[in-house]
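Worksheet for the structure shown next.
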Amino acid sequence: MVAFEGFPRDFTAFFRELKAHNERSWFEENKPRYQESVVRPMMAFIEAMKAPLADISPHYLAIPRAHGGSMFRIYRDTRFSKDKTPYKTHAAAQFRHRLGRDVHAPGFYLHLGPDGVAIGGGIWRPPSPALRALREFIVDNPGAWRKIRDDRAVRERGGLQGDQLKRAPRGFDPEHAHIDDLRRKSFYVMEQAPAGVMHDGDFLDRVVATYRATAPLNHYVCDALELPFAA
């Protein structure tokens, strides 16, 4: 396993200052600092995740590239937003399934910002066919679903999350035992932690432990979508 000793202190300092100066002139002036304090350690972290991720499932990829890899771009899409600030004030990565094309694929996620850390896995806002397949799989395999949802490691990390419809989705029994879950539009577990943990030498171990805790959920999602998970 490649060693990773935590993110530098300037990682959070950079984003704290970017939040106060979210403009192109400031960013361009501080771009070398962004490369050194944010991109470089993110690439090191993603590289270090390759081996433990492959041990969880060889079908989830850690790609240490700042563009077209596991790291999200820092540039915000402001086309449909009232907030026109150009930059995100956090860094993030998704280790998605090799057959996934975008953020809506099954994956493991990491959010790193000056206000906190989020670590988790699952699937966020899948397209309608995949969402329906997952709901039908829960109906057909309720015992396995309940075991995953109620697992102690999942509950210790905040439990199953995901925004929900107000009513039962069309074609599903409103009285179904798992109707609260069938109403979900996303299915994920996301542990929240203080920002300071990202600077610890054992941060990689913490992330891996949470990914292992959420692996059964990703396995279940893959089974529902007929995607490979195990080696």
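Throughout, residue positions are numbered sequentially from 1 according to the sequence presented.
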| Those residues that, when tested against Phe80, pass side-chain contact (heavy atoms from CB on, under 4.5 Å) (two or more places apart) | none
| note | Here the salt bridge (Lys or Arg N to Asp or Glu O under 4.0 Å) pairs for residues 168-180, sequence neighbours left out, are Asp180-Arg183
| What pairs of residues pass the salt bridge (Lys or Arg N to Asp or Glu O under 4.0 Å) test when at least one of them lies in residues 105-123, not counting sequence neighbours? | Lys19-Asp115
| Do you know the tightest heavy-atom contact between Phe229 and Ala215? | CZ-O, 3.7 Å
| request: Would you mind reporting whether Val208 and Met49 have side-chain heavy atoms less than 4.5 Å apart? | output: yes
| Between atom NE2 of His176 and atom CZ of Arg135, what is the distance when rounded to the nearest 0.5 Å? | 12.5 Å
| If we only count heavy atoms from C-beta on, is the Pro228 to His97 side-chain gap below 4.5 Å? | yes
| query | With ILVMFWY side chains joined below 4.5 Å, transitively, what does Leu134's cluster contain besides itself? | reply | Leu99, Ile123, Leu131, Phe137, Ile138, Val139, Trp145, Ile148, Val154, Leu160, Phe172, Ile179, Leu182, Phe187, Val189, Leu217, Tyr220, Val221, Leu225, Leu227
| request: Kindly indicate whether the side chain of Arg167, heavy atoms from C-beta on, has any atom under 4.5 Å from the side chain of Leu165. | output: no
| query | Does Tyr188 belong to the same Ile/Leu/Val/Met/Phe/Trp/Tyr cluster as Val103, with side-chain heavy atoms less than 4.5 Å apart forming each link? | reply | yes
| field | Minimum-distance pair of heavy atoms, taken over all atoms of Asn22 and Pro86 | value | OD1-CD, 3.2 Å
| request: Rounded to the nearest 0.5 Å, what's the gap from OG1 on Thr12 to NE2 on His90? Could you check? | output: 14.5 Å
| remark: One should read off an interatomic distance between Ser70 OG and Lys50 NZ, to the nearest 0.5 angstrom, of 9.0 Å
| Other than Ile63, which residues form its hydrophobic cluster under the rule that side-chain heavy atoms must be closer than 4.5 Å? | Leu61
| message | Quick check for you: to the nearest 0.5 Å, what is the distance between Leu112 atom CG and Met71 atom CE? | response | 9.0 Å
| task | May I have all residue pairs that pass salt bridge (Lys or Arg N to Asp or Glu O under 4.0 Å) and include part of residues 153-166, sequence neighbours excluded? | result | Arg125-Asp163, Arg152-Glu156, Arg157-Glu191, Asp163-Lys185
| Going by the salt bridge (Lys or Arg N to Asp or Glu O under 4.0 Å) test, which pairs reach into residues 79-92, not counting sequence neighbours? | Arg76-Asp83, Asp77-Arg79
| said: On a heavy-atom basis, which atom in Ala62 and which in Ile46 lie closest, and how many Å separate them? | reply: CB-O, 3.5 Å
| message | So, using side-chain hydrogen bond (donor to acceptor under 3.5 Å, both in side chains) as the criterion, who are the partners of Arg212 when residues are at least two apart? | response | Asp55
| query | For Arg184, which residues count as a side-chain hydrogen bond (donor to acceptor under 3.5 Å, both in side chains) partner, sequence neighbours excluded? | reply | Asp181
| message | Can you list everything that forms a side-chain hydrogen bond (donor to acceptor under 3.5 Å, both in side chains) with Ser37? Sequence neighbours excluded, please. | response | Asp10
| Atom of Arg206, atom of Ala193 and distance for their closest heavy-atom approach | NH2-CB, 3.6 Å
| query | Heavy-atom count around Glu226 CD within 6.0 Å, excluding the residue itself: above 12? | reply | no
| task | Could you walk me through whether Tyr87 and Tyr75 pass the ring-ring contact (aromatic ring centres under 6.0 Å, His included) test, one step at a time? | result | CA-CA 5 Å; Tyr87 305 106; Tyr75 306 99; 5.7 Å; yes
| Looking at side-chain heavy atoms only, is the closest gap between Arg98 and Tyr60 below 4.5 Å? | no
| Can you find a heavy atom in the side chain of Thr210 that is under 4.5 Å from one in the side chain of Val207? | no
| request: Calculate, to the nearest 0.5 Å, the distance between atoms CG and CE belonging to Leu110 and Met190 respectively. | output: 9.5 Å
| message | Going by salt bridge (Lys or Arg N to Asp or Glu O under 4.0 Å), name the residues that satisfy it together with Asp150, two or more places apart in sequence or in a different chain. | response | none
| For the residue pair Asn218 and Pro106, what are the closest heavy atoms and their distance? | OD1-CB, 3.9 Å
| note | Taking every heavy atom of Val39 against every heavy atom of Ala66, the minimum-distance pair comes out as CG1-CB, 3.9 Å
| request: Quick one: list whatever passes salt bridge (Lys or Arg N to Asp or Glu O under 4.0 Å) with Arg40, sequence neighbours left out. | output: Glu36
| field | Flag side-chain contact, heavy atom, 4.5 Å: Met42 against Phe7 | value | yes
| query | Any salt bridge between Arg24 and Glu29, counting N to O under 4.0 Å? | reply | no
| query | Is the side chain of Tyr211 donor-acceptor paired with the backbone N or O of Tyr109 at a distance under 3.5 Å, no angle test? | reply | yes
| message | side-chain contact (heavy atoms from CB on, under 4.5 Å) for Asp223 and Asn141? Distances and angles first, verdict last. | response | CA-CA 11 Å; Asp223 287 346; Asn141 302 273; over 6 Å; no
| request: State the CZ-CZ distance between Phe11 and Arg16, to the nearest 0.5 angstrom. | output: 11.5 Å
| query | Can any side-chain N or O of Gln94 pair as donor or acceptor with the backbone N or O of Phe108 at less than 3.5 Å? | reply | no
| said: I'd like to know if Val117 and Phe72 are part of one continuous hydrophobic network [Ile/Leu/Val/Met/Phe/Trp/Tyr, side-chain heavy atoms within less than 4.5 Å]. | reply: no
| Between Tyr34 and Phe27, does the ring centroid distance fall short of 6.0 Å? | yes
